[in-house]
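Read through the structure below, which is laid out as structure tokens, and then see the notes.
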Amino acid sequence: MGSKLDSALKAWSRQLGAENIDTDAPACAQAGRSTFSEPHEGVIAVLRPKGRGDVKACVEIAGKHGIALYPISRGRNWGYGSAAPAAGSCAVLDLRRLDAISDYDARLGSVSVGPGVTQQALSQFLESNGDQHWIDATGTTVDSSILGNALDRGNGYSPYAEHCVHICALEAVLADGSTITTGFGAFGEKARAANAYKWGVGPSLDSLFFQSNLAIITRATIWLLPKPEYFQAFFFSVKHDDDIGDVVDALTPLRLAGLLNSAVHIGNVYRVISTMQQYPFGEQSTVPIEPARIETFKKEAGVEAWSGTGALYGTKAQVTEARKRLKRALKGKVSRLQFLDDRMLAIARRIAPLYRMATGIDLQRILGLLKPVYGIMQGRPSSAVIGSVYWRKRMSVPEQGNPDRDACGLIWCPLISPAKGEVVAQAVEIASQLLLERGFEPGITVTHLTERAIDVVISITYDRETEGEDERAKAAYLELLERLGAEGFYPYRLATLGMGVMDGMSTETRAVLTKLKQAFDPKGLISPGRYLR
Ligand SMILES: Cc1cc2nc3c(=O)[nH]c(=O)nc-3n(C[C@H](O)[C@H](O)[C@H](O)COP(=O)(O)OP(=O)(O)OC[C@H]3O[C@@H](n4cnc5c(N)ncnc54)[C@H](O)[C@@H]3O)c2cc1C
């Protein structure tokens with residue numbers, strides 16, 4: 001590869017300027033780091049193009065010299081592979097400089113973004129442009145990408161939680177250097193509905209570009225949630241581990257009827273404890289955490305087996321009706337069902353000191369814990385939850401969390417279950433048992449992602465600096481995929497470690513996917529090994 005690589009680096013350097021290309025070992029090592037053991041050789045360069053023209057030129061150079069590219073938007077894909085390529089010997093194509101926000105349509109709630117646009121940037125842009133729309137924020141850091149998240153089919157909290165649904169007009173640079181725009185964008189700039197309608201006419205190409213390696217996306221239109229007339233968050237607790245199925249069954253009819261239109265997140269005690277504190281190594285040197293310690297934590301923190309969070313969005317009348325139905329549906333199944341809106345929040349803040357004097361309860365602390373998630377549900381991203389990734393670290397959580405830098409171990413396994421209580425409970429049971437046996441706390445969130453589907457997000461959190469943990473975590477993840485697969489549960493999104501699970505698909509399906517890759521990218525230039533081989 002030596003002379004081909006040298007020629008490619010020279011050509012990229014001429015195109016981008018030497019300051020926008022890194023080949024030194026520390027920069028390449030950093031780009032190749034993730035929150036689990038890297039299964040492949042390192043990154044060979046990091047390229048930072050500025051616009052679509054640069055991207056096209058980078059692809060053409062890659063094609064001429066046979067060097068693969070691994071495009072990332074902000075590279076914050078923590079728990080799934082960060083910025084690290086899914087296969088060895090790639091140049092990372094870091095698209096952060098394509099950060100334009102344009103074509104904001106305040107009437108229809110759409111905006112065009114480049115891959116470099118962060119949650120923070122878009123949320124601030126909307127606030128300073130009349131505050132009429134909210135983004136659907138995620139639980140990750142404020143500097144993660146709107147577009148990168150959607151391309152990996154990420155999700156958030158609001159009625160627009162499924163990001164791959166609320167996006168259109170994808171501008172894609174293909175492996176031969178040509179550029180297409182999906183939907184009506186294929187008809188060029190004069191197409192009136194390019195930003196308002198996803199499908200265009202004829203076969204739709206959009207879906208091919210999510211969780212794939214068929215193109216590099218340089219821009220797309222995002223649909224924004226109109227700021228609702230009224231917003232009310234709700235929080236509840238569930239006493240026993242086994243009650244999760246009943247709660248799912250209580251919520252599904254509301255979701256199907258459209259009375260509950262957002263993604264309710266219900267986290268188990270392992271997930272909650274990791275957001276509130278780090279592993280109590282001072283009290284217990286072995287892992288996983290003792291059940292007795294969990295019981296003490298529950299008492300001290302006032303939490304139960306599961307903690308639910310969601311929000312109601314609509315007119316005051318719609319929210320009032322939904323609230324009534326929600327209360328009725330959850331009666332006897334949850335405890336401490338509490339509703340919170342901006343007015344109540346302001347009052348609580350004012351009375352917190354007096355309340356503490358009168359009752360001893362630290363309302364200020366409770367509000368501090370609720371604030372980030374309350375904001376996220378209103379489209380205001382927060383980096384607060386990143387602390388949970390430091391759960392098993394022996395260092396304290398830094399001001400600016402960066403799990404790659406700090407060798408935090410994290411692997412997500414988000415499987416999809418039908419929204420039926422007993423099925424969700426079975427998945428939770430399998431994951432909990434297996435991870436505890438393998439020495440990991442099974443942090444799990446159960447999310448009503450759509451009307452009919454639940455996202456059961458299982459996390460494996462550990463310290464990469466503990467000898468042997470990388471290998472144990474990887475083995476546990478692969479075993480989890482296998483055990484769940486044996487019961488008919490499959491992940492909707494994969495860590496680069498687990499992309500082999502696609503091999504379990506039928507031969508016919510795999511053959512079609514292979515043909516697609518060959519048609520789009522016969523030389524294997526774009527993100528080799530990412531979902532498609
Ligand atoms: C504490 C915590 C909470 C989290 N909460 C959430 C959550 O609520 N929801 C959620 O979805 N995720 C969550 N995550 C996971 C992850 O951090 C986010 O999904 C994050 O948005 C992904 O990073 P990014 O936006 O920088 O995308 P990137 O890392 O840039 O992109 C993701 C992948 O998509 C591909 N890609 C990116 N851009 C392009 C492009 N332009 N063209 C072609 N391919 C491309 C690449 O293969 C890349 O690896 C969480 C992680 C942590 C640690």
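Because the structure is a prediction, the values reported are computed rather than measured. One-based numbering, in listed order, for ligands and for the atoms of each.
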- Message: When you measure from the side chain of Gln211 to the backbone of Tyr492, do you find a donor-acceptor pair of N or O atoms at a distance under 3.5 Å?
- Response: yes

- Message: Cation-pi check for Phe281 against Arg394: NZ or CZ below 6.0 Å from the six-membered ring centre and within 45 degrees of the axis, yes or no?
- Response: yes

- Item | Pair Lys474 + Glu471, salt bridge at N-O below 4.0 Å | no

- Is there a salt bridge (charged side-chain N to carboxylate O under 4.0 Å, His left out) between Arg48 and Asp54 once you walk through the steps? CA-CA 9 Å; Arg48 286 182 293 275; Asp54 269 355; over 6 Å; no

- Item | Asp152 side chain to Asn77 side chain, donor-acceptor N/O pair below 3.5 angstrom | yes

- What part of Val389, side chain from CB on, backbone N/CA/C/O, both or neither, has a heavy atom under 4.0 Å from ligand 1? side chain

- Task: Using a strict cut-off of less than 4.0 Å between a Lys/Arg side-chain nitrogen and an Asp/Glu carboxylate oxygen, indicate whether Asp176 and Lys523 qualify as a salt bridge.
- Result: no

- Item | side chain to side chain donor-acceptor pair (under 3.5 Å) evaluation trace for Tyr313 with Asn261 | CA-CA 7 Å; Tyr313 303 73; Asn261 54 8; over 6 Å; no

- Message: Quick check on contacts: which atoms of ligand 1 are under 4.0 angstrom from a heavy atom of Thr138?
- Response: 7 (C), 8 (O), 9 (N)

- Output the list of atoms in ligand 1 that are nearer than 4.0 Å to some heavy atom of Gly148, sorted by atom number. 27 (O), 31 (O), 32 (C), 34 (O), 37 (C), 38 (N)

- Query: Just distances here: any N/O of Trp412 and N/O of ligand 1 closer than 3.5 Å?
  - Reply: no

- Note on the structure: For Leu151, the atoms of ligand 1 under 4.0 Å from one of its heavy atoms are 38 (N), 39 (C), 40 (C), 41 (N), 42 (N), 45 (C)

- Query: Which bit of Arg96 gets closer than 4.0 Å to ligand 1, counting heavy atoms only: side chain, backbone, both or neither?
  - Reply: neither

- Query: If you count the atoms of ligand 1 from 1 in the order shown, which ones are under 4.0 Å from a heavy atom of Leu410?
  - Reply: 53 (C)

- Query: Can you tell me which residue and heavy atom of the protein come closest to atom 9 (N) of ligand 1, and the distance to 0.1 Å?
  - Reply: Asn155 O, 2.7 Å

- Task: Name the closest protein heavy atom to atom 34 (O) of ligand 1, giving the residue it belongs to and the distance to 0.1 Å.
- Result: Arg530 NH2, 3.5 Å

- Query: What atoms of ligand 1 come within less than 4.0 Å of a heavy atom belonging to Trp78?
  - Reply: 15 (C), 17 (O), 51 (C), 53 (C)

- Item | For atom 13 (C) of ligand 1, the protein heavy atom that lies nearest, with its residue and separation | Thr140 CB, 4.2 Å

- Is there a donor-acceptor contact under 3.5 Å linking the side chains of Ser82 and Asp404? yes

- Message: Under 3.5 Å between any N/O of Arg74 and any N/O of ligand 1: does that happen in this structure?
- Response: yes

- Message: I need the atoms of ligand 1 closer than 4.0 Å to a non-hydrogen atom of Ile386, numbered in the order shown.
- Response: 53 (C)

- Item | Any N or O of Ser388 closer than 3.5 Å to N or O of ligand 1 | no

- Under 4.0 Å from any heavy atom of Gly154, which atoms of ligand 1 are there? 11 (O)

- Query: Would you say the side-chain atoms of Tyr160 and Asn155 include a donor-acceptor pair closer than 3.5 Å?
  - Reply: no

- Query: Are the side chain of Asn268 and the backbone N or O of Ile444 linked by a donor-acceptor pair below 3.5 Å?
  - Reply: yes

- Could you tell me the residue and atom name of the protein heavy atom closest to atom 28 (P) of ligand 1, and the distance to it rounded to 0.1 Å? Gly75 N, 3.6 Å

- Per-atom contacts, ligand 1 versus Leu95 - under 4.0 Å to a heavy atom: 40 (C), 41 (N)

- atom 25 (O) of ligand 1 - nearest protein heavy atom and its distance: Ser145 N, 2.8 Å

- Query: Just going by heavy-atom distances, which of Ala150, Pro71, Ser212 is nearest to atom 46 (C) of ligand 1?
  - Reply: Pro71

- Query: If you count the non-hydrogen atoms of other residues, nucleotides and ligands that lie under 6.0 Å from CD in Gln30, is the total more than 12?
  - Reply: no

- Query: Identify the closest protein heavy atom to atom 8 (O) of ligand 1: which residue and atom is it, and at what distance?
  - Reply: Gly139 N, 2.8 Å

- Could you tell me if the ring centre of Tyr374 sits under 6.0 Å from that of Phe231? yes

- May I ask you to check whether Ile217 has an N/O atom sitting below 3.5 Å from an N/O atom of ligand 1? yes

- At a 4.0 Å cut-off, with the gap strictly under it, does some heavy atom of Ser527 reach an atom of ligand 1? no

- Any cation-pi pair here, Arg493 with Tyr80, using under 6.0 Å and within 45°? yes

- Query: For atom 30 (O) of ligand 1, what is the nearest protein heavy atom, given as residue, atom name and distance?
  - Reply: Ser73 N, 2.7 Å

- Arg392/Glu469 salt bridge by N-O under 4.0 Å criterion: yes

- Task: Compute the shortest N/O to N/O distance between Asp152 and ligand 1 and return yes if it is under 3.5 Å, no if not.
- Result: no

- Query: Nearest protein heavy atom to atom 23 (O) of ligand 1, by residue and atom, and its distance?
  - Reply: Arg76 C, 2.9 Å

- Report the member of Asn149, Val385, Thr445 with the shortest heavy-atom distance to atom 1 (C) of ligand 1. Val385

- Message: Please confirm whether Ala215 approaches ligand 1 to less than 4.0 Å, judged on its heavy atoms.
- Response: yes

- Message: Is it the case that ligand 1 has an N or O less than 3.5 angstrom from some N or O of Asn77?
- Response: yes

- Close N or O approach (Tyr70, ligand 1; < 3.5 Å): yes

- Item | Cation-pi, Phe210 ring and Arg153 (6.0 angstrom, 45 degrees) | no

- Message: Can you tell me if Arg493 contacts ligand 1 (heavy atom of the residue under 4.0 Å from the ligand)?
- Response: yes

- With sequence neighbours excluded, residues passing side chain to side chain donor-acceptor pair (under 3.5 Å) with Trp306: none

- Item | Validation row: Ile222, Ile146 side chains within 4.5 angstrom (heavy atoms) | yes

